[in-house]
Novice: 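Before we start, here is the structure in question, set down as structure tokens.
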Amino acid sequence: MVAPAQGEGCSLAMRVIVTGANGQLGSALVALLSARPADSVLGVDLPEVDITNPVSVAAVFDSFAPDVVINCAAWTAVDDAETKEELALHVNAEGPRVLAAQCAVSDAWLVQISTDYVFAGDATSPYVESAAGDPRSAYGRTKLAGEVAVLSELPSCSYIVRTAWLYGLQGSNFVKTMLKFEKERESVSVVTDQIGQPTYAGDLAAQIIALLDARPAAGIFHATNSGQCSWFEFTQAIFTAIGADPARVLPTDSAAFVRPAPRPAYSVLGHDAWAAAGIPEMRDWREALTAAFADGLTA
């Protein structure tokens, strides 16, 4: 596919493969793309397609002939990656490399989904898209390696889309866990010293499609809902949204929840690349949370 000039902003009919289609972002992308009459979408996941296997990837490319691939497939078990980094690296770096190499052969674009974990999480202002990666966890290292692989194999026909604090209608996520705890517990303790941007998978899917429609030059984009909050504030908002008493959410700090993998203390991502591309940034996280419940988000 030949991209329109940067800023031209025209919408093209697309043939899109979504990998990791059973996950919360992949399923949202398949649903939105399926509702667009001009587009054709194929959602794939294990075991039918293994992104780390060149033969498996080539076969699905041959049968569907995509002009865009959105890679939502990933090792996302953050804590397990600390003791299984080689396995996580195989999925999170070798998989994107295989996809990017096949896209180069097939003249297709690749959208690689990445994460705030590529940064140290010790900043005091939003991370710009050009900030150097400095991951503190095995998961972050493997995701950064995936970015490097894609940019090496497919520098002019790829988008790196970093997101954070993702939740959606499918799969397990923080919102669903808090909804479950609200039913089961008198109170729930949540940390106040980790700051980020809750991001609704439905909004992220729509933003990725807007990016593909506009088709600016290849580059890195931070795709999170606007605004920022702590996990504590996010949980209070969740309780309020369902009519529960937010006073049942109690403040604590990260010292009370020691995990194998360090969590970034500051995960706020800047959105300058959207303005440069002439694409509006995503709406405030509070509006997105309200929309998620309206869309049927439940525990």
Novice: Quick one, Leu204 and Leu25 - any side-chain contact, counting heavy atoms below 4.5 Å?
Specialist: yes
Novice: In the structure I gave you, are the side-chain heavy atoms of Val190 and Thr252 within less than 4.5 Å of one another anywhere?
Specialist: no
Novice: Which ring-ring contact (aromatic ring centres under 6.0 Å, His included) pairs, counting each pair once, include a residue from residues 18-63, with sequence neighbours left out?
Specialist: none
Novice: Does a side chain donor of either Glu281 or Ser226 reach within less than 3.5 Å of an acceptor in the other side chain?
Specialist: yes
Novice: Any heavy-atom pair between the side chains of Asp116 and Leu269 that's under 4.5 Å?
Specialist: yes
Novice: Is there a side-chain contact between Val150 and Leu110, using heavy atoms and a 4.5 Å cut-off?
Specialist: yes
Novice: Is the shortest side-chain heavy-atom distance between Leu42 and Val60 below 4.5 Å?
Specialist: yes
Novice: If you look at every heavy atom in Ala65 and Arg15, which pair is closest and at what distance?
Specialist: O-NE, 3.4 Å
Novice: Name all residues meeting the side chain to side chain donor-acceptor pair (under 3.5 Å) criterion together with Asp272; count only those two or more places apart in sequence or in a different chain, and write none if there are none.
Specialist: none
Novice: Are the side chains of Val16 and Val69 in contact, using a 4.5 Å heavy-atom criterion?
Specialist: no
Novice: Applying side chain to side chain donor-acceptor pair (under 3.5 Å) to Asn92 and Thr142, what does each step give before you reach the verdict?
Specialist: CA-CA 6 Å; Asn92 290 344; Thr142 65; 3.0 Å; yes
Novice: For Tyr167, run the ring-ring contact (aromatic ring centres under 6.0 Å, His included) check against Tyr200, Trp231, Phe293 and tell me which one passes.
Specialist: Tyr200
Novice: When you measure from the centre of the six-membered ring of Phe221, is the NZ or CZ of Arg162 closer than 6.0 Å and no more than 45° off the axis?
Specialist: no
Novice: Show, in sequence, the C-alpha distance, side-chain angles and deciding distance for Arg141 and Asp134, and conclude whether the salt bridge (Lys or Arg N to Asp or Glu O under 4.0 Å) test is met.
Specialist: CA-CA 8 Å; Arg141 289 190 292 271; Asp134 184 20; over 6 Å; no
Novice: Count the heavy atoms of every other residue, nucleotide or ligand shown that sit under 6.0 Å from CD of Glu48, and state whether that count exceeds 12.
Specialist: yes
Novice: Quick one: does Leu144's side chain get under 4.5 Å of Tyr117's, heavy atoms only?
Specialist: no
Novice: Using every non-hydrogen atom in the two residues, find where Cys229 and Phe234 come nearest and quote the distance to one decimal.
Specialist: SG-CB, 3.9 Å
Novice: Can the ring centroids of Tyr159 and Trp109 be said to lie less than 6.0 angstrom from one another?
Specialist: yes
Novice: Between Trp274 (side chain) and His222 (backbone), is there a donor-acceptor pair under 3.5 Å?
Specialist: yes
